[in-house]
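Note that ligands are numbered from 1 as they come in the structure, with each ligand's atoms numbered from 1 the same way.
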Amino acid sequence: MSQASPRVLALCGGVGGAKLVLGLSHIVAGEDLMVVVNTGDDFDHLGLRVCPDIDTVSYTLAGVVNPETGWGRAGETGEFMAALASLGGEDWFFLGDRDLALHVERTRRLRDGETLSDITADFACRLGVTVNIVPMSDDPVATKVATKEGELAFQHYFVRERCQPAVTGFRFQGIDRASPHSRIVEALQNPALEAVVICPSNPFVSIDPILALPGLREALTRCTAPVVAISPIVGGAAVKGPTAKMMAELNVAVTPAAVVTHYAGLLEGFVLDERDAACKRTIERLVPHVSIGDTLMVNLDRKIALAEQVLALAGRCVAA
Ligand code: GDP
């Protein structure tokens with residue numbers, strides 16, 4: 001893993017973000033790309049430290065991700081889960097047999113005093129990934145989801161309750177005492193940085209925990225590179241997951257414009273899906289540079305094409 005300052009820095013959650021990051025990795029050299037990954041989803045489960053977004057990004061970049069789900073490993077088996085269920089254990093969160101090895105080893109190394117970022121970098125290296133995958137912080141942050149049925153730990157809301165309870169807000173426990181990883185701050189201060197990309201991840205539970213880290217938002221606004229985002233809302237709906245459901249429950253219009261408004265004060269550029277071309281005028285009033293294209297990353301070519309479009313937009317922001 002290289003410690004050189006990156007040219008491109010991407011803020012990312014899990015499945016949606018990882019798709020674009022894979023595209024970026026095909027056009028930006030690994031050492032020039034830093035992926036800042038949300039850790040608000042991380043939790044202790046069955047005595048293990050589980051980091052779903054970091055693992056999704058790592059497996060995706062390593063080419064070992066399960067192509068059907070977008071998370072977990074390809075060709076995975078579930079012997080451990082079956083045995084656990086037969087013993088009456090908690091089986092609502094699936095941990096595949098091979099995936100389990102990673103959680104066991106990460107937990108051991110954390111207990112031995114290593115940082116999450118060092119362990120993540122080492123695992124990435126062992127998986128053959130050259131992209132810099134950096135947890136947003138080495139300090140624990142836990143996303144809590146306020147719902148009409150009470151507050152839920154993130155994975156209880158997301159996996160156990162299948163996002164059914166109506167959300168009323170979010171809280172990032174530990175955020176006040178957490179620092180953004182020093183490499184993120186250094187990268188944002190470096191004039192060599194060419195683009196900051198907010199991936200089409202869930203704005204509330206994947207990107208907001210990163211933005212809520214003390215000093216991070218200021219570092220983004222001071223950074224000389226343009227910040228560009230890609231709409232996770234396509235044709236009035238989320239491609240996958242609860243983003244649109246959350247927006248509706250929070251009384252926010254399920255539109256790309258609402259996503260831009262959510263990132264108010266940060267964006268110089270925005271990629272809008274061609275299915276939402278009718279919103280272009282509205283978005284142009286909110287953000288200086290808008291690009292329209294097919295943002296549905298249905299295959300590797302589409303991921304690379306969107307990554308190219310995003311970097312071209314960042315280039316336009318700089319040239320303007
Ligand atoms: P999670 O942490 O696994 O939920 O993943 P993310 O937060 O990174 O991504 C979830 C978001 O990605 C959802 O809002 C989806 O609408 C969005 N998304 C997923 N795939 C695509 C895609 O191909 N194109 C676009 N534009 N958005 C996508």
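- Scanning the protein heavy atoms around atom 20 (N) of ligand 1, the nearest turns out to be Lys19 NZ, 2.8 Å.
- Looking from atom 3 (O) of ligand 1 to the surrounding protein, the closest heavy atom is Val15 N, 2.9 Å.
- Among Gly70, Pro200, Ala238, the residue whose heavy atom sits closest to atom 17 (C) of ligand 1 is Pro200.
- In this structure, the protein non-hydrogen atom closest to atom 2 (O) of ligand 1 is Gly14 N, 3.0 Å.
- Looking only at atom types and distance, the side chain of Asn202 has a donor-acceptor partner in the side chain of Thr243 under 3.5 Å away.
- If you run side chain to side chain contact (heavy atoms under 4.5 Å, CB included) between Met297 and each of Val239, Ile230, Leu22, Leu306, only Leu306 comes through.
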Might you work through the salt bridge (charged side-chain N to carboxylate O under 4.0 Å, His left out) test for Glu151 and Lys144, ending with a clear yes or no?
CA-CA 7 Å; Glu151 187 176 81; Lys144 307 285 177 185; 5.7 Å; no
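- We find that Arg109 and Asp118 are not joined by a salt bridge, their nearest charged nitrogen and carboxylate oxygen being 4.0 Å or further apart.
- Contacts of Leu306 with ligand 1, taken as heavy-atom pairs under 4.0 Å, are absent altogether.
- Atom CZ of Arg108 has more than 12 neighbouring heavy atoms from other residues, nucleotides or ligands inside a 6.0 Å radius.
- Protein heavy atom nearest atom 8 (O) of ligand 1, with residue, atom name and distance: Ser201 OG, 2.7 Å.
- A 4.5 Å side-chain heavy-atom check between Val134 and Val37 finds every atom pair outside the cut-off.
- The nearest protein atom to atom 26 (N) of ligand 1, hydrogens excluded, is given as Ser231 O, 2.8 Å; this is a heavy-atom distance.
- Given atom 4 (O) of ligand 1, the protein heavy atom at minimum distance is Phe158 CZ, 4.0 Å.
- The closest approach between Gly241 and ligand 1 stays at or above 4.0 Å for every heavy atom of the residue.
- Looking at Lys240 against ligand 1, only its backbone comes within 4.0 Å, counting heavy atoms.
- Under a 4.0 angstrom heavy-atom cut-off, Leu296 registers as being in contact with ligand 1.
- Annotation: ring-ring contact (aromatic ring centres under 6.0 Å, His included) contacts involving residues 12-50, sequence neighbours excluded, comprise Phe43-His45, Phe43-Phe93, His45-Trp92, His45-Phe93.
- Salt bridge status for Asp97 with Arg73: absent, with no side-chain N to carboxylate O gap under 4.0 Å.
- At the shortest separation from atom 10 (C) of ligand 1 among protein heavy atoms lies Asn202 N, 3.8 Å.
- Contact annotation: the side chain of Ser291 approaches that of Arg316 to within less than 4.5 Å [non-hydrogen atoms, C-beta and beyond].
- Near Val234, meaning under 4.0 Å from any of its heavy atoms, are these atoms of ligand 1: 26 (N).
- Listed by atom number, the atoms of ligand 1 under 4.0 Å from Gly13 heavy atoms are 8 (O).
- Regarding atom 28 (C) of ligand 1, its nearest protein heavy-atom neighbour is Val239 CG2, 3.5 Å.
- Atoms of ligand 1 lying under 4.0 Å from at least one heavy atom of Thr243, given by number and element, are 13 (C), 14 (O).
- Side-chain atoms of Tyr59 and Asn66 include no donor-acceptor pair closer than 3.5 Å.
- Polar contact with ligand 1: present for Gly17 (N/O pair, distance under 3.5 Å).
- Taking only non-hydrogen atoms, the option from Pro52, Ser206, Pro242 nearest to atom 7 (O) of ligand 1 is Ser206.
- Evaluation of the side chain to side chain contact (heavy atoms under 4.5 Å, CB included) rule for Asn251 yields no partner, not counting sequence neighbours.
- Heavy-atom proximity to atom 19 (C) of ligand 1, evaluated over Cys12, Gly23, Gly16, is greatest for Gly16.
- Against a heavy-atom cut-off of under 4.0 Å, Met297 is close to the following atoms of ligand 1: 22 (C), 23 (O), 24 (N).
- A donor-acceptor contact under 3.5 angstrom links the side chains of Ser117 and His181, judged on distance only.
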